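I have placed the structure first, in the form of structure tokens, so that the comments after it can refer back to it.
If you're wondering where the values come from, they're calculated on a predicted model, not measured in any experiment.
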Amino acid sequence: MSHIFDNDKPVTVRAVAKDATSSTPHESTGSSSSSSPSSSDIPKSLADFGPDEGWFVPVSVHALFLGFVPIAEYLARLRLTTHVFNKGLGAFTWAMAGFGFNSSTTTLLSGNAGGMGMGVAADKKIVALGLFYSVVTFVGTAALSITGQTIGRKEGYQNYEPRRGKAGLKGMAHRMVAAHQNVLETFPLFALTAALVQFTAPTNDHLIELVALHVFSKTFLYLPAYVLGIDAARSTSHFISIGACLRALTLVALSP
């Protein structure tokens, strides 16, 4: 507020603030506006942490991940995942080999009746699982991510600068990209586990089951749950998959 003089009489002039992007005067409210969505736009989850609960996060995260290790062990003893993979994985490997046999594939597709479906040799089950999960990770979820960017942006997917399209996505489009990113982040743990199991005990049914449990949880539970926004199923399947790898690595470390 300032004073000027008109014919020796003081006249009060009130300063009016204007928005930087608008000529319309407004009164300041002490807060800035933003085009980004507020936290209230995101559905609440049972696993949410408030800003005053930071001290509790390390305790709860450790408890959840390590608590699912014995759960993964129990699930592996049921032998359910290798039963699921028994037919489909052999068919997948057969298709990747070119729908037939030749001199370069007879080692993997040996016709061994004790193998995992359609002749995958007993000592190549981990390799077959690794092949399947590599295709899921680097081909399937890559397609998922590109689809999310395509449907989530008005410009669609632009290959010249592909990673720029990941910014600002919302809803299912964002979750499709995030699911791809998470599988990439956890793949090194799977690769380490699979390599050590293949090197130390390639025919151990229990270790194979734990590796298969990781692949099954990530492929058939985690990815659909993430894309569809079912956060409880997504987190549970993630904990199971990590617990399976940690359990397998523990057993390999304790093996004679």
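- When the salt bridge (charged side-chain N to carboxylate O under 4.0 Å, His left out) test is applied to R79, no partner is found at least two apart in sequence or on another chain.
- Distance CD/Q158 to OG1/T150: 10.0 Å, rounded to 0.5 Å.
- At a cut-off of 3.5 Å, with distance as the only test, no side-chain donor of K166 or H174 sits close to an acceptor on the other residue.
- Geometrically, R234 engages Y226 in a cation-pi contact, judged by NZ or CZ lying under 6.0 Å from the ring centre and within 45° of the ring axis.
- Using the six-membered ring where Trp is involved, F220 and F85 have ring planes that are tilted, between 30° and 60° apart.
- Atom CG of L210 sits about 8.0 Å away from atom OG1 of T81, to the nearest 0.5 Å.
- With V252 as the partner, the side chain to side chain contact (heavy atoms under 4.5 Å, CB included) test is satisfied by one option alone out of T193, N204, L207: L207.
- With hydrogens and angles ignored, the 3.5 Å screen pairs a side-chain donor or acceptor of H180 with a backbone N or O of T141.
- Using modelled atom types, one side-chain atom of S60 and one backbone atom of V57 make a donor-acceptor pair closer than 3.5 Å.
- Between the CG atom in L213 and the CD1 atom in I208 there is a gap of 13.5 Å [rounded to 0.5 Å].
- Shown here is H206, whose NE2 atom has more than 12 heavy atoms of other residues, nucleotides or ligands within 6.0 Å.
- For N159, the side-chain hydrogen bond (donor to acceptor under 3.5 Å, both in side chains) partners are Y157, not counting sequence neighbours.
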